[in-house]
Amino acid sequence: MKQNISRLTPEEEKLFGDLMPEELNEVLDSGLKRRHFLKLMGLASAGLLVSHMVGAEQLFARSMEIEEIPDLMPAAIENGINVSFKVNSSTKKVLVDSRMTLLDTLRERIGLTGSKKGCDHGQCGACTVIVDGNRVLSCLTLAATCEGKSVITIEGLAKENELNPMQQAFLKHDGFQCGFCTPGQICSAVALMKEAKEGQASFLTKNIRDKPEAVLLSDDEIAERMSGNICRCGAYPNIVAAIKEAQTGKNIEQNWLFAD
């Protein structure tokens with residue numbers, strides 16, 4: 001008779017059953033191993049694990065009802081203002097300090113912790129989210145300026161447990177290592193697709209006076225347009241390959257760099 005030593009809660013067992021069904025029996029039999037944890041972290045970097053943990057019906061619900069976030073104690077907030085904006089698939093109404101950043105609002109008040117606080121000075125890009133279709137640094141964006149706007153975070157890119165093509169490409173090309181910068185990288189890359197389609201200019205644009213036309217991104221164009229997102233692990237070649245595949249829809253050869 002097999003001894004169950006996993007000590008998984010019913011919620012954790014359901015999570016493994018949904019995301020890693022091929023690993024569930026082993027986890028139940030022999031417990032959680034390092035490779036199981038690493039696989040879960042890979043899914044988390046893609047934004048899929050988070051949706052299961054907080055409930056897919058909450059993150060991806062089609063309802064447009066306004067969800068009011070519980071207020072903080074009066075002594076914990078100064079210059080309070082009510083801000084209402086759409087976050088992923090639902091509209092949030094939250095009381096914040098007028099000086100509170102969008103990043104802190106998402107993480108501390110709404111509970112969407114996918115967007116990371118790296119430098120908190122707008123220099124690393126880990127906090128990048130998409131506001132009304134354009135990428136912004138949420139650590140430099142006041143929540144109050146987002147009134148009535150639409151904000152998309154890493155948690156909102158997957159639909160009904162189906163990853164966004166950019167997330168799939170990042171997984172295929174191993175476009176992350178530690179994963180800390182990955183939410184910002186992916187959000188930035190998704191917004192980049194819109195910029196390229198609209199023919200928005202970059203530093204490499206030869207003549208900015210020409211009529212804007214859709215841009216087929218080269219390696220140099222991607223590097224230039226993604227220069228605001230820093231990967232301290234150095235996964236840049238894989239990130240470039242992932243973005244090229246997501247834009248073209250064609251199979252891009254994987255970049256596997258081995259030490260001699």
Side-chain angles (χ1 to χ4, degrees), residues 47 50-51 53-160 164 166-167 180-198 200-201 212 225-226 228-229:
V50 177
S51 70
M53 292 180 69
V54 303
E57 70 282 356
Q58 176 180 343
L59 284 179
F60 305 124
R62 299 183 182 277
S63 171
M64 292 304 296
E65 295 181 0
I66 296 179
E67 179 182 349
E68 294 195 19
I69 309 300
D71 291 340
L72 297 172
M73 295 176 58
I77 191 168
E78 298 179 7
N79 306 313
I81 59 172
N82 284 301
V83 180
S84 178
F85 53 93
K86 183 180 177 183
V87 181
N88 299 327
S89 59
S90 61
T91 300
K92 309 288 186 182
K93 184 176 181 181
V94 58
L95 175 66
V96 298
D97 188 297
S98 61
R99 300 160 294 183
M100 195 171 194
T101 65
L102 176 59
L103 175 61
D104 286 339
T105 302
L106 291 170
R107 291 180 58 84
E108 307 298 336
R109 302 291 282 114
I110 300 179
L112 297 176
T113 57
S115 303
K116 296 298 186 284
K117 180 178 285 192
C119 65
D120 205 25
H121 287 77
Q123 297 176 345
C124 70
C127 68
T128 304
V129 298
I130 303 170
V131 177
D132 284 351
N134 300 308
R135 48 183 169 164
V136 304
L137 297 168
S138 59
C139 75
L140 298 183
T141 304
L142 291 177
T145 66
C146 295
E147 174 70 32
K149 296 183 179 180
S150 173
V151 178
I152 299 177
T153 69
I154 188 67
E155 292 93 340
L157 292 179
K159 299 300 181 184
E160 301 297 338
N164 180 282
M166 188 65 71
Q167 292 173 304
F180 189 86
C181 75
T182 307
Q185 296 276 3
I186 292 178
C187 284
S188 188
V190 169
L192 175 58
M193 295 297 98
K194 173 178 176 290
E195 297 171 10
K197 184 177 180 180
E198 294 175 351
Q200 295 186 27
R225 293 173 185 263
M226 290 290 292
N229 291 82

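Every heavy atom of this structure was used, including side-chain atoms; hydrogens, water molecules and symmetry mates were not.
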Would Ile186 and Gln167 count as a side chain to side chain contact (heavy atoms under 4.5 Å, CB included) here? Give the steps. CA-CA 7 Å; Ile186 292 178; Gln167 292 173 304; 4.0 Å; yes
If you look at every heavy atom in Cys146 and Thr141, which pair is closest and at what distance? SG-CG2, 4.1 Å
Looking only at heavy atoms, which two atoms of Lys116 and Thr113 are closest? And how far apart? NZ-O, 3.1 Å
What heavy-atom pair brings Cys187 and Thr153 nearest, and what distance separates the two atoms? SG-C, 3.9 Å
For the pair Ser150 and Asp132, evaluate side-chain hydrogen bond (donor to acceptor under 3.5 Å, both in side chains) and give the outcome as yes or no after the intermediate values. CA-CA 5 Å; Ser150 173; Asp132 284 351; 4.9 Å; no
Distance, nearest 0.5 Å, that separates OG1 of Thr105 from CE of Met100: 4.5 Å
What are the two closest heavy atoms between Ser84 and Glu147, and how far apart are they? N-OE1, 3.0 Å
Do the non-hydrogen side-chain atoms of Asn82 and Val94 ever get within less than 4.5 Å of each other? no
I'd like to know whether NZ of Lys194 has more than 12 heavy-atom contacts from other residues, nucleotides or ligands below 6.0 angstrom. yes
Output, in order, the C-alpha distance, side-chain angles, deciding distance and verdict of side chain to side chain contact (heavy atoms under 4.5 Å, CB included) for Phe180 and Thr182. CA-CA 6 Å; Phe180 189 86; Thr182 307; over 6 Å; no
Nearest heavy-atom approach of Val129 to Ser138 is CG2-CB, 4.0 Å
Are any side-chain N or O atoms of Asn229 and backbone N or O atoms of Gly184, one a donor and one an acceptor, separated by less than 3.5 Å? yes
CG/Asn88 to CD1/Ile110 distance, rounded to the nearest 0.5 angstrom? 9.0 Å
Scanning both residues in full, the closest heavy-atom pair of Cys139 with Thr101 reads O-CG2, 3.4 Å
From SG (Cys127) to NE2 (His121), nearest 0.5 Å: 12.0 Å
Leu192 CG to Gln185 CD distance, which is reported to the nearest 0.5 Å: 11.0 Å
Begin with the C-alpha distance, continue with both residues' side-chain angles, and end with the deciding distance and a verdict on side chain to side chain contact (heavy atoms under 4.5 Å, CB included) for Val83 and Lys92. CA-CA 8 Å; Val83 180; Lys92 309 288 186 182; over 6 Å; no
Is it the case that the side chain of Arg109 and the backbone of Leu95 share a donor-acceptor pair, with hydrogens and angles ignored and the cut-off at 3.5 Å? yes
Examine distances only and state if a side-chain atom of Thr145 and a backbone atom of Leu142 form a donor-acceptor pair shorter than 3.5 Å. yes
Quickly, which of Thr128, Val151, Leu102, Leu103 forms a side-chain contact (heavy atoms from CB on, under 4.5 Å) with Ser115? Name it, please. Leu103
Indicate yes or no: at least one non-hydrogen side-chain atom of Glu198 is less than 4.5 angstrom from one of Met193. no
For Arg225 and Arg135, run side chain to side chain contact (heavy atoms under 4.5 Å, CB included): C-alpha distance rounded to whole Å, both residues' side-chain angles, the deciding distance at 0.1 Å, then the answer. CA-CA 11 Å; Arg225 293 173 185 263; Arg135 48 183 169 164; 4.0 Å; yes
For the atom pair NZ (Lys117) and CZ (Arg107), what is the distance rounded to the nearest 0.5 Å? 7.5 Å
